[in-house]
Peer 1: 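Before anything else, here's the structure in question.
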2 protein chains.
Amino acid sequence: MKKEIKTLDTSTEEKIKEAARTVFHKKGFAATRTRDIAEEAGINLALLNYYFRSKEKLFNIIILETVTGFVQNMSMVLNDGRTTIEKKVEQIASNYIDFITKEPNIPIFMLSEMRNNASGLAEKLPIKQIVLNSIFFKQHQEAVAKGKITEPDPLHFLMNLLGLTVFPFLAKPLLQTVNGMNDAEFSKMMQERKKLIPVWIKAMMKAK
Amino acid sequence: MKKEIKTLDTSTEEKIKEAARTVFHKKGFAATRTRDIAEEAGINLALLNYYFRSKEKLFNIIILETVTGFVQNMSMVLNDGRTTIEKKVEQIASNYIDFITKEPNIPIFMLSEMRNNASGLAEKLPIKQIVLNSIFFKQHQEAVAKGKITEPDPLHFLMNLLGLTVFPFLAKPLLQTVNGMNDAEFSKMMQERKKLIPVWIKAMMKAK
DNA sequence: TCAAAATTTAATCATTTGATTAAAACGTTT
DNA sequence: AAACGTTTTAATCAAATGATTAAATTTTGA
């Protein structure tokens, strides 16, 4: 048969990547053992080095994919010319709450691995372009000019939106023990926030 | 026999704790080597085990102190009967921005180490008590009753406040490369947020 | 079919790492 | 000073860990 498209889903290489993603996301680079990944993938340890040379190289592939996926979503929304700025806020809040609900380890994984920027990751990401050249950026400028938004720096805007959206997931371990909150309750709370965050952002941005 | 008070500031035990705090905060438990701590403290490696038995026991002491310190500040503010809820928001934003500016590694350290709650830390903290029995909690209930605050759950209130305050520090590595922001600019931005966050929170809480 | 190439496996290596030990150095008490 | 307890040091240990190797097995292509 063709060797290229031979059920890539279950190829050894893909199994290792999938396992690496799972373990790295959950435990981070330093706490992850290559043997953990091999076991999770159900493969011989040596295959990890056979396909990816080293733990570090495998990690760099995973984190680049993870961060790219995270940013891409926002990029799409920010560059949609058909939606208002209000609608963009709704979409970002809603999309990220759904996304992080499915992959709850991603925010703390990304932020903790970037803390010393060891992988030089940030340089590889065109986030600045994404924001500064975005339709959102222009819409924000217009809204400021028209006095509909008080704070002129779009950075505050995006940071507030992401903070309100992402921070609860980061604080979840605390909430669960401290507040006795279970997964269902947390999930319900985040669903509420899909509607609350756009309302809050709107109110904040008009405030002065 | 006697050894109680002999310049505790520079005692070996204290030097090790201080070094451990520095290294653990910066790199996290898994990435920290006991030799890193010994070197930072300028002591022989064996002394770490002599005074603290194991890396893990030393870590548990450090993280408990760190989180306690972090929570204590909020507890004081939330239980001050002489301040309004608006003033409490100002104080928490201001205190934490100052605190984290001095110790920028603490938020990501706390959150990433709690992600699997390995140290069973959350159980040791009386945060639930702190919030539910606080003066703030009663003031919040009153404000809701009087219609001054729309959202009835004080959890949203505190999570929003902390999210707006802490999240920028977590995202700092991104901002620095992506936005080309240097330390001085970041610091200036956070000083602005001391004034902005109370205004924003006030507007958010009235929104509906 | 069969030889070459690719993949997989078990065994092993060299370091790293947390921890311990025995002896030396230091300080206190008598 | 001598005896005793405490602190510090250098050396070492055992387990863990990332990586490699050589052989076995499977797949590919003529």
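First the proteins, then the strands, lettered A, B, ... as listed; each starts at 1.
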Peer 1: Expressed as a whole number of angstroms, how long is the span from B/Asn44:CG to C/dT20:C1'?
Peer 2: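 These atoms are roughly 12 Å apart.
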Peer 1: Applying side-chain hydrogen bond (donor to acceptor under 3.5 Å, both in side chains), name anything that partners A/Asn182, two or more places apart in sequence or on another chain.
Peer 2: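 A/Asn182 satisfies side-chain hydrogen bond (donor to acceptor under 3.5 Å, both in side chains) with no residue once adjacent residues are dropped.
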Peer 1: List in chain and number order the residues that pass ring pair (Phe, Tyr, Trp, His ring centres under 6.0 Å) with B/Phe52, two or more places apart in sequence or in another chain; answer none if no residue qualifies.
Peer 2: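 B/Phe52: no ring pair (Phe, Tyr, Trp, His ring centres under 6.0 Å) contacts found.
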Peer 1: Listed in order of residue number, which residues of residues 23-43 of chain B have a non-hydrogen atom at under 4.0 Å from DNA chain D?
Peer 2: none
Peer 1: Taking the six-membered ring for Trp, is the centroid-to-centroid distance between B/Phe24 and B/Phe59 below 6.0 Å?
Peer 2: yes
Peer 1: May I have the list of side-chain donor-acceptor pairs in residues 66-76 of chain A shorter than 3.5 Å, sequence neighbours left out?
Peer 2:
residue, atom, partner, partner atom, Å
A/Thr66, OG1, A/His25, NE2, 2.8
A/Thr66, OG1, A/Ile62, O, 2.9
A/Thr68, OG1, A/Leu64, O, 2.6
A/Asn73, OD1, A/Asn95, ND2, 3.1

Peer 1: List in chain and number order the residues that pass ring pair (Phe, Tyr, Trp, His ring centres under 6.0 Å) with A/Phe186, two or more places apart in sequence or in another chain; answer none if no residue qualifies.
Peer 2: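 Applying ring pair (Phe, Tyr, Trp, His ring centres under 6.0 Å) to A/Phe186 gives A/Phe169.
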Peer 1: Of the residues in residues 49-57 of chain B, which ones touch DNA chain D at a heavy-atom distance under 4.0 Å?
Peer 2: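 Those residues whose heavy atoms fall under 4.0 Å from DNA chain D, taken from residues 49-57 of chain B in numerical order, are B/Tyr50, B/Tyr51.
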Peer 1: Whole-Å distance between D/dT7 C1' and B/Ile16 CD1?
Peer 2: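 Whole-Å distance recorded here is 11 Å.
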Peer 1: Checking contacts here: which listed nucleotide (D/dA10, C/dT8, D/dT21) is nearest the side-chain heavy atoms of A/Leu47?
Peer 2: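 Nearest listed nucleotide: C/dT8.
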Peer 1: Extract all donor-acceptor atom pairs below 3.5 Å that involve side chains of residues 151-161 of chain A and protein atoms in other chains or at least two apart in sequence.
Peer 2:
residue, atom, partner, partner atom, Å
A/Glu151, OE2, A/Asp153, N, 3.1
A/Asp153, OD1, A/Leu155, N, 2.8
A/His156, ND1, B/Arg193, NH1, 2.8
A/His156, NE2, B/Glu192, OE1, 3.4
A/Asn160, OD1, B/Arg193, NH1, 3.1
A/Asn160, OD1, B/Arg193, NH2, 2.6
A/Asn160, ND2, A/His156, O, 3.2

Peer 1: Using a 4.0 Å heavy-atom cut-off across all strands, classify A/Leu48 as base, sugar-phosphate, or nothing.
Peer 2: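 Nothing, no nucleic acid heavy atom in range.
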Peer 1: Applying salt bridge (charged side-chain N to carboxylate O under 4.0 Å, His left out), which residue pairs with at least one partner in residues 161-181 of chain A are found, sequence neighbours left out?
Peer 2: A/Lys172-A/Asp183
Peer 1: Between D/dA19 atom P and A/Leu45 atom CG, what is the distance in whole Å?
Peer 2: 9 Å
Peer 1: Whole-Å distance between C/dT17 P and B/Phe59 CZ?
Peer 2: 17 Å
Peer 1: For residues 88-97 of chain B, which residue pairs pass the salt bridge (charged side-chain N to carboxylate O under 4.0 Å, His left out) check, not counting sequence neighbours?
Peer 2: B/Lys87-B/Glu90
